[in-house]
> 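Structure incoming, see below.
Here the structure is a predicted model, which is why all the values come from computation and not from measurement. Only heavy atoms go into these numbers, but all of them, side chains included; no hydrogens, no water, no symmetry mates.
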Amino acid sequence: MQSLMDRRIQSLFPIALYSILILGAARLVLDSLKMKQSSVLRLYGMPHGGRSRLPVVVLAEDRFEDNCNVFEGTWVWDNVSYPQYEEESCPYLVKQTTCHKNGRPDSFYKNWRWQPKGCNLPRFNALKMLHMLRDKRIMFIGDSLQRGQFESMICLIQSVIPEGKKSLQRIPPMKIFKIEEFNASIEYYWAPFIVESISDHATNHTVHKRMVKLDSINNHGKHWKGVDILVFESYVWWMHKPLINATYGSPHHVKEYEVTTAYKLALETWANWLESNIKPMTQKVFFMSMSPTHLWSWEWKPGSNENCFNESYPIQGPYWGTGSNLEIMKLIHDALQVLKIDVTLLNITQLSEYRKDAHTSVYGERKGKLLTKEQRANPTDFADCIHWCLPGVPDAWNEILYAYLLKGYQNFS
């Protein structure tokens, strides 16, 4: 009996030995992977190493066809897959955009999906966006409307990033959202005119007294150098009055310019900066067309005398409001046509024109404070029909930006 037991133990010994050797080898492989910070481990969030990039798998449904105009289409009701995040799930929103939290009674504005005519936008995928941003910086440059797009982008991706691996820094005139494990950042830069002005302080700026330095951009530009993806926007600050104070040539000679003339000169200064500083092989540049306003309800509801307050549904059918300046649109188009580098115009104006329902209205801020009950009771004077609630329209802008980044990434996937 003893002899039989000894033989069984002896037969099991090689198996146990092999198991120990296999486990030891596996441990060595894992340790080696950790030491080298291999792509396998980086895929699942291990610390980055060097400038290595993982391929993004671009599927057929991720691409929109070359003949697809993603800016022409309609808003489709979708309360199943939209919104893609909620106010409560994104701690990075400012009070100006959190309409539901601020007391807005309806939430319909969150449930509309932009559907291009005859083709589809890819569903926004936060992990794919992060992999495209690995070791990169994306910067949104413009006014508070552009800040809304910046916050929308953060909210679209932040839920897949573990706590402790993401942070938001405020370094005026910038905000910087860092994603540690991807060595990436999403940034915002306050420059309401793109070129320099007396309104360039991030918080202490005046709306009514505006003076623009039409040939000065380098103080801004030094913050934009080397950024991998630049997304520019500038419109509403120009449109306060038909004339604007500005300097051109001599910094001490201030005179009044027609807004369209001043805007054209500012675009020329911006274009010259791009041509001198952008490396087309490694950097991408986008320009957002104007974000429309909905200040006068008679434009979509003849005979009325109101604004965007209490609107709950998009405009159906053709519509173009007087808040969107066609001459400015042509100036942007002409400026991009003669540029020596590629700048992609994201023409979000028409699709946003339909969304009279999606502004902050009386559920936002004025001068850094939420409206009082008395102010909310007077929407004629206090409704904000310029800025957008989040979740909302700026998410669609970012879906389109994401689609273009995916399309441009095909060559590397």
Side-chain angles (χ1 to χ4, degrees), residues 64-78 82 108-122 124 140 142-143 145-146 148-149 152 231-239 259-260 263 267 286-302 307-308 311-337 343-360 384-405 407:
F64 63 89
E65 302 82 359
D66 290 337
N67 62 351
C68 170
N69 180 359
V70 297
F71 308 110
E72 181 181 328
T74 186
W75 289 95
V76 176
W77 176 256
D78 184 349
Y82 283 75
F108 300 147
Y109 64 93
K110 302 179 182 181
N111 299 115
W112 296 95
R113 171 173 54 83
W114 176 247
Q115 176 61 56
K117 183 179 179 181
C119 54
N120 294 307
L121 280 173
F124 190 95
F140 296 89
D143 55 30
L145 290 160
Q146 192 71 333
Q149 188 176 1
S152 160
V231 187
F232 291 93
E233 173 273 341
S234 182
Y235 173 66
V236 73
W237 274 68
W238 293 91
M239 306 309 295
V259 162
T260 50
Y263 196 92
L267 283 179
F286 296 88
F287 194 98
M288 308 296 299
S289 68
M290 63 191 69
S291 174
T293 62
H294 292 88
L295 302 173
W296 305 283
S297 64
W298 55 263
E299 294 187 335
W300 62 83
K301 193 191 315 180
N307 51 36
C308 69
E311 295 285 352
S312 297
Y313 298 94
I315 296 169
Q316 301 296 322
Y319 175 79
W320 187 273
T322 57
S324 298
N325 188 299
L326 286 170
E327 191 172 357
I328 294 289
M329 288 287 283
K330 186 177 186 305
L331 289 175
I332 295 169
H333 178 268
D334 292 348
L336 300 189
Q337 286 291 102
V343 174
T344 302
L345 175 65
L346 300 185
N347 189 359
I348 53 84
T349 305
Q350 179 66 85
L351 67 91
S352 305
E353 282 278 12
Y354 302 129
R355 295 303 306 276
K356 62 179 171 58
D357 60 303
H359 291 288
T360 56
D384 180 349
C385 301
I386 296 174
H387 296 94
W388 305 94
C389 300
L390 288 176
V393 170
D395 301 326
W397 304 347
N398 278 325
E399 287 181 284
I400 292 171
L401 173 60
Y402 168 77
Y404 270 89
L405 291 173
K407 192 172 179 65

> Can you confirm whether Cys389 sits close enough to Thr360 that some side-chain heavy atom of one is under 4.5 Å from a side-chain heavy atom of the other?
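The answer is yes, as the side chains (C-beta and beyond) meet within the 4.5 Å cut-off.
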> Do Trp238 and Tyr263 have their ring centres less than 6.0 Å from each other?
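They qualify: ring centres under 6.0 Å apart.
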> Closest approach of Trp300 and Trp296, non-hydrogen atoms and distance?
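Trp300 and Trp296 have their closest heavy atoms at CZ3-O, 3.4 Å.
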> In the structure I gave you, are the side-chain heavy atoms of Glu72 and Gln350 within less than 4.5 Å of one another anywhere?
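The answer is no, as the side chains (C-beta and beyond) never meet within the 4.5 Å cut-off.
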> Just wondering, do Phe232 and Gln146 contact through their side chains at under 4.5 Å, heavy atoms?
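With C-beta onward as the side chain, the pair stays apart.
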> Does Phe286 reach the side chain of Leu405, with side-chain heavy atoms less than 4.5 Å apart?
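A side-chain contact exists here, since the closest heavy-atom pair is under 4.5 Å.
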> What heavy-atom pair brings Ser324 and Pro292 nearest, and what distance separates the two atoms?
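Nearest heavy atoms, Ser324 then Pro292: OG-CB, 3.3 Å.
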> So, taking the atom named CH2 in Trp397 and the one named CD1 in Ile348, what distance separates them when rounded to the nearest 0.5 Å?
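Answer rounded to 0.5 Å: 4.5 Å.
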> Could you please spell out the steps behind the side-chain contact (heavy atoms from CB on, under 4.5 Å) verdict for Trp75 and Leu351?
CA-CA 8 Å; Trp75 289 95; Leu351 67 91; 3.7 Å; yes
> Search all heavy atoms of Asn69 against all heavy atoms of Pro116 and return the closest pair with its distance.
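Heavy atoms only, the tightest pair is O-CB, 4.1 Å.
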> Could you check whether any side-chain heavy atom of Lys301 comes within less than 4.5 Å of a side-chain heavy atom of Lys356, counting everything from C-beta outward?
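Side chain of Lys301 against side chain of Lys356, heavy atoms only: no contact under 4.5 Å found.
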> Is there a side-chain contact between Leu121 and Tyr402 in this structure, where contact means two heavy atoms from C-beta onward sitting under 4.5 Å apart?
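Of all side-chain heavy-atom pairs linking Tyr402 with Leu121, none is under 4.5 Å.
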> Under a 4.5 Å cut-off applied to non-hydrogen side-chain atoms, are Asp357 and Tyr313 in contact?
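They are not in contact (no side-chain heavy atoms under 4.5 Å apart), so the answer is no.
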> Work out which heavy atom in Leu145 is nearest to a heavy atom in His387; give both atom names and the distance.
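What the structure gives for the nearest pair is CD2-CA, 3.9 Å.
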> We want to know whether Ser291 and Trp388 form a side-chain donor-acceptor pair, criterion being a heavy-atom distance below 3.5 angstrom.
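There is such a pair (donor and acceptor under 3.5 Å, judged by atom type) between the side chains of Ser291 and Trp388.
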> Go through it in stages, so that I can follow the logic: the residues are Gln149 and Met288, the test is side-chain contact (heavy atoms from CB on, under 4.5 Å), and I'd like the CA-CA distance, side-chain angles, deciding distance and then a yes or no.
CA-CA 10 Å; Gln149 188 176 1; Met288 308 296 299; 3.6 Å; yes
> Would you sort out whether Phe124 and Asp395 count as a side-chain contact (heavy atoms from CB on, under 4.5 Å), showing the intermediate values?
CA-CA 10 Å; Phe124 190 95; Asp395 301 326; over 6 Å; no
> How are the rings of Phe108 and Trp77 set to each other: parallel, tilted or perpendicular (split at 30° and 60°)?
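Perpendicular.
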> Does any non-hydrogen side-chain atom of His333 lie less than 4.5 Å from one of Met329?
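No, their side chains stay 4.5 Å or more apart.
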> Between Tyr354 and Trp114, what is the ring plane arrangement, given parallel below 30°, perpendicular above 60°, and tilted in between?
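Parallel, since the angle between the ring planes stays under 30°.
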> Atom CZ in Phe140, atom CG in Asn398: separation rounded to 0.5 Å?
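The CG atom of Asn398 is 5.0 Å from CZ of Phe140, to the nearest 0.5 Å.
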> What closest approach, in Å, do Leu401 and Val231 show between heavy atoms, and which atom pair accounts for it?
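Of all heavy-atom pairs spanning Leu401 and Val231, the closest is CD2-CG2, 4.1 Å.
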> Take Glu353 and Trp320 through the side-chain contact (heavy atoms from CB on, under 4.5 Å) test and state the conclusion after the steps.
CA-CA 6 Å; Glu353 282 278 12; Trp320 187 273; 4.0 Å; yes
> So which atom in Gly148 and which in Leu390 form the shortest heavy-atom distance, rounded to 0.1 Å?
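Closest heavy-atom pair between Gly148 and Leu390: O-CD1, 3.5 Å.
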> Any side-chain donor-acceptor pair under 3.5 Å between Glu299 and Tyr319?
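There is such a pair (donor and acceptor under 3.5 Å, judged by atom type) between the side chains of Glu299 and Tyr319.
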> Anything under 30° is parallel, anything over 60° is perpendicular, the rest tilted; go ahead and classify His294 against His359.
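His294 vs His359 ring planes: tilted.
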